[in-house]
Amino acid sequence: MIIYEGIKDSFLADVDGDSIADKIHAQFVDKMKRKVSESEVRSWKNSMMYMYKALNDAEIPNNAGIAIEFKVPYTSKRIDFIISGKTENDINSAVIIELKQWDKLEAVYDKDGIVRTHLGGSDRETTHPSYQAWSYAVQIKDYNESVQNRNLLIEPCAYLHNYDKKSPDPLTSEIYKKYIADAPAFTRGEVSQLRDFIKRYIKKGDDKETLYVIEHGRIRPSKSLQDALSGMLRGNREFILLDDQKLAYETAIKMSTQSYQDSKKRVMIVRGGPGTGKTVLAMNLLVDLTAKNMVCQYTTKNASPRNVFLEKLSGQMRKARFSNLFKGSGNYISSENNEIDVLLVDEAHRLNAKSGMFKNLGENQIKEIIDASKFVVFFIDESQRVDVSDIGSVEEIKKWIDAEGVYEFVEMDLPSQFRCNGSDGYLAWLDNLLGICETANTELSHEDYDFRVFDNLNEMYSEIVRLNEKNNKARMVAGYCWNWITAGKNNPNINDIVISDQNFAMSWNLGNTVTWAIDPNSVNQIGCIHTSQGLEFEYVGVIIGKDMRYENGKIVTDFTKRASSDKSIRGLKSMYKANPHKALMLADEIIKNTYRTLMTRGMKGCFVYCEDSALMQYIKRFF
């Protein structure tokens, strides 16, 4: 979708007549069906004056195409400015220009393609402008069949027209060299260089022909993207399908193919506990359905699983090449009906009603996901609800299946347990131990699973470090009973978790990484539910905080012992005032599910330390 389009002559006339921002605004409201902030209108007025200056050159053809605010297919992203035309050899071409109002920025050295600048009233991390422009170009090339077939040139760049370069300058730091090589960044005083870049690819006008091809091209994954993805999965033992996974896979392939052919909505719910292979199944479907020319995306509420599996699939290739395959669950608010062929919704129990930072956007994530795609697979484990705002349940999904007129619906189970050393008995024992449900598994055999309770927390940590040396697959995790210290979010020397009587102190997982679960130094940090759910290790050491203890012959939970920064229980205090019984029941479910989830992250073993000594003694009685 293009918000404003024209040719160079009409664009210059609109800027000259001071009507360009009004025209963009009117088209935006008409096409996007939502309001525009005053700051965005101001940015159009400002940036378009600079683009007027850049294009006011007789060597740039008057009938070159102009597109402003082009919505990248299957994303919420918009390209600021595109100028189209033809090369000297009559090859259709388009120059993508990412416009920035920034006047300063800082380089971020411990993340790939990230800078820090002033956005939305505060200093924030965001993508480097060259990375951003380059990723948009890659997205168009990889998903627009017409662009692929006609070998259109898509050349990206960035223009920071308010930014004065320094020497040395963080914008052009060595760490961004590979992105600037693909998408040069022009700054204040470099308009002539920007003109030269445009004129290199726009020698002749095309009367918007290239823009038409880009906007109306059939959206399909490119053969090069398919081959790259398949190559990453091929031979990777971590993603081999077994038993029930294979049956669910074949069912999903059949249903997705039918929906791809007849455009009728189909939904599949795959239920399975920890380690039953839900994510392995999802990754195979993502790769293989993309190879079948389907636009397919893997979506979760939490970013951690997406980032880890994106890293594993991409390997040494640039992650941006595959980033459009991995999306957050709130990404489909503005999607059109049946816009996407297949959505694979992992950790569906974590879906929310509303989206956005303040949970005030959209209507219902389940509804929006079903609306957006022809075929949906919801991977769900209802016993992993760990947040007050989690609404994902089989019942809730079925409600929206009925409401949205889904043509076909299938439910499947993945009963085989691959985590916890293949021991279904461990899960049943854990449910009984935590009082989640009564089972016959009242004792645990060490032959089934390496479960240990440590009186000394430092000894438990030492054992995790020792086991991690083999293949970086052992981690420490904890209940959310300690605050993240703001000053220490990126500093491992600042300890968030301090347990004085054990002479133990460590940091929560650092904020400057999105792949804590596989980073080599993560064994020296402690993960929480939000960075470990949906992921697995060989061994996990769990610190049970004061929100769960043993008294009067039973396990009790106490949400008031959770950290004040814990957003997963936001709203419980208000609920408690209005309905104490309901609030305590919900808090009990969330806290027990949290520890159940943490205690099932280890495939071979789980080690436990309890702050409450009575709880520690209670657990020891059962194995």
Side-chain angles (χ1 to χ4, degrees), residues 1 3 24-25 27-44 69-80 119-122 124-127 132 136 139 267 295 297-307 323-340 343-373 376 378 380 385-393 396-397 399-401 403-404 514 530 533-534 565-572 574-575:
M1 178 192 296
I3 299 301
I24 299 172
H25 188 188
Q27 287 295 308
F28 192 98
V29 173
D30 179 60
K31 293 180 179 181
M32 300 295 289
K33 309 300 181 187
R34 64 180 177 86
K35 296 179 180 179
V36 179
S37 67
E38 291 183 9
S39 62
E40 189 157 14
V41 175
R42 283 196 302 270
S43 73
W44 286 330
E69 299 290 352
F70 169 70
K71 183 178 179 293
V72 183
Y74 306 131
T75 77
S76 58
K77 304 299 183 182
R78 304 196 307 273
I79 296 173
D80 295 325
L119 288 173
S122 62
R124 298 181 182 180
E125 290 184 351
T126 187
T127 49
Q132 198 170 341
Y136 293 160
Q139 172 70 18
V267 172
V295 176
Q297 293 179 345
Y298 171 87
T299 182
T300 60
K301 173 189 172 181
N302 273 11
S304 293
R306 298 197 305 272
N307 291 325
S323 61
N324 191 58
L325 299 166
F326 296 82
K327 297 293 181 182
S329 57
N331 200 63
Y332 306 98
I333 296 170
S334 303
S335 295
E336 297 178 8
N337 184 56
N338 281 2
E339 184 179 41
I340 299 165
L343 276 177
L344 305 168
V345 188
D346 208 357
E347 304 287 307
H349 39 271
R350 297 299 320 279
L351 293 175
N352 294 163
K354 301 288 186 177
S355 301
M357 183 181 297
F358 302 105
K359 292 185 170 61
N360 61 343
L361 302 177
E363 180 181 353
N364 182 286
Q365 288 185 353
I366 297 173
K367 174 185 184 298
E368 290 152 5
I369 285 168
I370 293 174
D371 282 348
S373 59
V376 190
F378 291 100
I380 191 167
R385 182 189 183 192
V386 296
D387 193 305
V388 170
S389 60
D390 292 348
I391 64 161
S393 67
E396 182 72 10
I397 293 170
K399 182 184 84 174
W400 288 108
I401 286 173
E404 298 307 300
V514 293
H530 306 301
Q533 189 171 23
S565 58
D566 180 13
K567 297 179 181 179
S568 66
I569 58 169
R570 180 174 291 174
L572 265 181
S574 299
M575 185 188 297

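Note that the structure is predicted; figures quoted are calculated from it, not measured.
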Donor-acceptor contact present, side-chain [X] to main-chain [Y], <3.5 Å:
{"X": "Lys354", "Y": "Gly362", "result": "yes"}
{"X": "Asn302", "Y": "His530", "result": "yes"}
{"X": "Glu339", "Y": "Ala372", "result": "no"}
{"X": "Arg306", "Y": "Phe326", "result": "no"}

(request) Let me see the working for Tyr332 and Leu343 under side-chain contact (heavy atoms from CB on, under 4.5 Å), right down to the final yes or no. (result) CA-CA 11 Å; Tyr332 306 98; Leu343 276 177; 3.1 Å; yes
Any side-chain heavy atom of [X] within less than 4.5 Å of one from [Y]?
{"X": "Val36", "Y": "Ile24", "value": "no"}
{"X": "Asp387", "Y": "Lys301", "value": "yes"}
{"X": "Ile380", "Y": "Ile397", "value": "yes"}
{"X": "Thr299", "Y": "Asn331", "value": "no"}
{"X": "Asn364", "Y": "Ile391", "value": "yes"}
{"X": "Gln132", "Y": "Lys77", "value": "no"}
{"X": "Val267", "Y": "Glu404", "value": "no"}

(message) Using side-chain contact (heavy atoms from CB on, under 4.5 Å), reason through Phe378 and Ile370 one step at a time and then give a plain yes or no.
(response) CA-CA 10 Å; Phe378 291 100; Ile370 293 174; 4.0 Å; yes
(request) Compute whether any side-chain donor of one residue and acceptor of the other, for His349 and Glu347, lie under 3.5 angstrom apart. (result)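 Indeed, the side chains of His349 and Glu347 share at least one donor-acceptor pair under 3.5 Å.
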(message) Checking Asp566 against Ser568: is there a side-chain donor and acceptor pair closer than 3.5 Å?
(response)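 Ser568 vs Asp566: donor-acceptor pair found between side chains.
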Using 0.5 Å steps for rounding, measure from the [atom1] atom of [X] to the [atom2] atom of [Y].
{"X": "Thr300", "Y": "Gln533", "atom1": "OG1", "atom2": "CD", "value": "10.0 Å"}
{"X": "Leu344", "Y": "Ser373", "atom1": "CG", "atom2": "OG", "value": "9.0 Å"}
{"X": "Ile79", "Y": "Lys71", "atom1": "CD1", "atom2": "NZ", "value": "11.5 Å"}
{"X": "Glu38", "Y": "His25", "atom1": "CD", "atom2": "NE2", "value": "9.5 Å"}
{"X": "Glu125", "Y": "Leu119", "atom1": "CD", "atom2": "CG", "value": "11.0 Å"}

(message) My understanding is that only one of Ser329, Ser335, Ser355, Ser334 makes a side chain to side chain contact (heavy atoms under 4.5 Å, CB included) with Glu368; could you say which?
(response)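 Considering Ser329, Ser335, Ser355, Ser334, a side chain to side chain contact (heavy atoms under 4.5 Å, CB included) with Glu368 is found only for Ser355.
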(request) Determine the sole option in Arg570, Lys359, Lys567 for which the side chain to side chain contact (heavy atoms under 4.5 Å, CB included) test with Ser389 is passed. (result)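 With Ser389 as partner, Arg570, Lys359, Lys567 yield a single side chain to side chain contact (heavy atoms under 4.5 Å, CB included), made by Lys359.
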(message) Whether Glu40 and Arg78 form a salt bridge (side-chain N of Lys/Arg under 4.0 Å from carboxylate O of Asp/Glu) is what I want to check.
(response)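 Yes, Arg78 and Glu40 are salt-bridged.
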(request) Start with the C-alpha gap between Arg350 and Val386, add the side-chain angles, then the distance that decides, and say whether side-chain contact (heavy atoms from CB on, under 4.5 Å) holds. (result) CA-CA 8 Å; Arg350 297 299 320 279; Val386 296; 3.8 Å; yes
(message) So which atom in Arg385 and which in Asp390 form the shortest heavy-atom distance, rounded to 0.1 Å?
(response)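 Closest pair (atom of Arg385, atom of Asp390, distance): NE-O, 3.0 Å.
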(message) How close do Gln27 and Ile3 get, counting heavy atoms only, and between which atoms?
(response)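 Result for this residue pair: CB-O, 3.1 Å.
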(request) List the steps and the verdict of side-chain contact (heavy atoms from CB on, under 4.5 Å) for Leu351 and Ile369. (result) CA-CA 10 Å; Leu351 293 175; Ile369 285 168; 4.1 Å; yes
